[in-house]
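Numbered from 1 within each chain, the chains take letters A, B, ... in sequence-line order.
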Amino acid sequence: MIDIQLLRNSIDTVAARLGTRGYELDVSGFEKLEKHRKDIQTTTEQLQSQRNAVSKQIGQAKARKDEALVGALMAQAADFGDKLKQMEVQNESVQARLREFVSLIPNLTHGSVPVGSRPEDCAEQRRWGEARKFDFAARDHVDIGAALGGLDFDTAAKLAGARFAVMKGGVARLHRALAQFMLDVHTTEHGYTEAYVPYMVSGACADGVSSLAKFKGDLFKIEDRDLYLIPTAEYPVTNFVRDEIVPLEKLPLKFVCHSPCFRSEAGAAGKDTRGMIRNHQFDKVELVQIVHPSQSYLAHEELTGHAEAILKKLELPYRVVTLCTGDTGFSAAKTYDIEVWLPGQNAFREISSCSNFEAFQARRMQARFRNDKGKTEPVHTLNGSGLAVGRTLIAVLENFQNADGSITIPAALRDYMGGAEKLSRP
RNA sequence: GGAGAGAUGGCAGAGUGGUCGAUUGCGGCAGACUCGAAAUCUGUUGUACCCGCGAGGGUACCGGGGGUUCGAAUCCCUCUCUCUCCGCCA
């Protein structure tokens, strides 16, 4: 949620900044709603105040056994009961409308975010590694996986339909090895605390990190329950601090969490249908940081570096891109996408997305800390994939493929693969 | 799945219709005493929102939601969660 005070005090600036990400703020709509709210809220609270005063007097009169006064006061009180009820209902309704209005507004992007909405408006920050030159025709992960007998989309389709994968044998183990490896690096080298979490969260939690109203179509919902399958561990982990006042000395909080992620991929029909680039279910190792506002942009660079460290250790070429204003997600103030080189697609593909949400999620979640003046203030939240396990598996298969159909196991993973240097068809 | 008990401020724990945002203790903060500290004493100490340039004023919140009432932490309905016992079970 953006700061409603900002909306009240400098709505034109806010509207202009939102405009850069392609969101048209209904300025006059807000101003009308806000005026309405102000009128109704103040009169409602005045009435409540009067009601409370009279009730108090009745109590006092009763204590003195002054029945005549009690009677007179009761008559007086009965008078505005209906009116008050009516005002309270109106107040509730206008407050709800205002809340909804504000909760549908995306975050303001940071000043360093390039303005634009086309892919070429995004700013490449850096590249690492050299795309390998193949002396044979590089295959994509679907063909490699099939040749290894370890990736089976037909069986997955039989079980659950399109956009699922079944992994077997060495490929399944490699997938597990990747997740273990990532967790170990982040906990032992980057200072994250490992977390295990529910794979379903309440609607309130979902709305704490994003807008449930806007994005519920992207989620799988449990029938007849206020529960959603998590599309990323960000949902449960960031909500660790919902409704909390975190002591200053506990900041920053750094969690790493390996979880499956479930996405309906509504609106992605026909996109990335081959293989496991875009599935309904995939594993991800997620990094989450809860930090002091003054530290969040430092933390953003750091966290992105933590995700990059995994790619470096795996010797996978990648580039880092700052998303432009139009591509930055609803809740984010700034996002770096890390794109890994996929020889099978001859392209860079997103393998991690690292965002600073500033206080946007914290306001929605009521996650605060106490500042040095003793006042509560929203924390800043960040997260990033470190990394998407399924896509990392794809990257390893494609970048480390050999002419004979086998895979060379990256040195960093060999301990997790029983010391094996190669993966070949059994 | 069956039976029962409970949910109050950072924590413990009172309060069962009226001056209760809430007794008290612990903890926290400030001060006194002290060379300093401990002990002791005094004061203070919830969150969110609104109005106001400010001083200040107001509203809501006792697990969530609804109801009764002039007035609800207290009564009624409902949901959720926690605990205990029995059964079953990865």
Q) Looking across every strand, which nucleic acid part, if any, lies under 4.0 Å from A/T44 by heavy atom: base, sugar-phosphate, or nothing? A)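 Contact class for A/T44: none.
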Practice problem: Have a look at A/R225 and say if it touches a base, only the backbone sugar-phosphate, or nothing, with a 4.0 Å heavy-atom cut-off. | Solution: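 If one applies the 4.0 Å heavy-atom cut-off, A/R225 turns out to touch nothing in the nucleic acid.
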Say whether [X] and [Y], considering side chains only, have a donor N or O and an acceptor N or O under 3.5 Å apart.
| X | Y | answer |
| --- | --- | --- |
| A/Q48 | A/E88 | yes |
| A/N356 | A/H110 | no |
| A/E194 | A/T187 | no |
| A/Q41 | A/N91 | no |
| A/E302 | A/Q289 | yes |

- Task: State, to 0.1 Å, how close A/E286 and A/K284 come at their nearest heavy-atom pair, and which atoms those are.
- Result: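 Closest approach of A/E286 to A/K284: OE1-NZ, 2.6 Å.
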Note to self: So that I can tick it off, tell me whether A/R163 and A/E265 are bridged by a salt bridge, with the cut-off set at under 4.0 angstrom between side-chain N and carboxylate O.
What the structure shows: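 Answer for the salt bridge query: no.
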- prompt: Is A/E377 salt-bridged to A/R368, going by a charged N under 4.0 Å from an acidic O?
  reply: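 Salt bridge between A/E377 and A/R368, a charged N being under 4.0 Å from a carboxylate O: no.
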Taking only side-chain N and O atoms of [X], does any of them lie within less than 4.0 angstrom of OP1 or OP2 on [N]?
| X | N | value |
| --- | --- | --- |
| A/Q5 | B/C50 | yes |
| A/R37 | B/C51 | yes |
| A/N91 | B/C49 | no |
| A/N52 | B/G71 | no |
| A/T42 | B/C51 | no |
| A/R363 | B/C49 | no |
| A/R368 | B/A48 | yes |

Heavy atoms, side chains only, cut-off 4.5 Å: are [X] and [Y] in contact?
| X | Y | answer |
| --- | --- | --- |
| A/R274 | A/D140 | yes |
| A/R97 | A/R37 | no |
| A/T381 | A/V379 | yes |
| A/I310 | A/H186 | yes |

Take atom [atom1] in [N] and the same atom in [M], then report the distance between them in whole Å.
| N | M | atom1 | result |
| --- | --- | --- | --- |
| B/A5 | B/G57 | C1' | 44 Å |
| B/A73 | B/G67 | P | 15 Å |
| B/G15 | B/C70 | P | 28 Å |
| B/G63 | B/A12 | P | 14 Å |
| B/C53 | B/U16 | P | 44 Å |
| B/G65 | B/U74 | P | 13 Å |
| B/A7 | B/G56 | C1' | 37 Å |
| B/C79 | B/A30 | P | 49 Å |

| request: Could you say whether A/T376 or A/Q46 is positioned toward the 5' end of RNA chain B, judged by the nucleotide with the nearest heavy atom to each? | output: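 Comparing both residues, the 5'-ward one is A/T376.
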* Hey, which of these two, A/S49 or A/K38, hits RNA chain B nearer its 5' end, going by closest nucleotide? ->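 This one resolves to A/K38.
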Atom [atom1] of [X] to atom [atom2] of [N]: distance rounded to whole Å?
| X | N | atom1 | atom2 | result |
| --- | --- | --- | --- | --- |
| A/E244 | B/G46 | CD | P | 18 Å |
| A/I245 | B/G28 | CD1 | C1' | 14 Å |
| A/L84 | B/A72 | CG | P | 11 Å |
| A/D243 | B/G63 | CG | C1' | 12 Å |
| A/Q48 | B/G57 | CD | C1' | 15 Å |
| A/D39 | B/G58 | CG | P | 21 Å |
| A/R370 | B/U47 | CZ | C1' | 9 Å |
| A/Q41 | B/A48 | CD | P | 16 Å |

Worksheet item: Considering only heavy atoms, which members of residues 94-104 of chain A lie under 4.0 Å from some atom of RNA chain B?
Response: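 Hits under 4.0 Å, by residue number: none.
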Separation of A/S406 OG from A/L423 CG (nearest 0.5 Å):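 That separation rounds to 8.0 Å.
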Any N/O pairs under 3.5 Å between the protein and nucleotides 64-70 of chain B? List them or say none.
unit_1: B/C70; atom_1: O2'; unit_2: A/S55; atom_2: OG; d: 3.1

Neighbour count above 12 (heavy atom, 6.0 Å) for A/E100 CD |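 For A/E100, atom CD is not crowded (no more than 12 foreign heavy atoms under 6.0 Å).
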**Asked** Quick one: stems for RNA chain B, with Watson-Crick or G-U pairs under 3.5 Å, at least three in a row?
**Response**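 Expected stems, ordered by start: B:1-7 with B:80-86, B:10-12 with B:24-26, B:27-32 with B:40-45, B:46-51 with B:56-61, B:63-67 with B:75-79.
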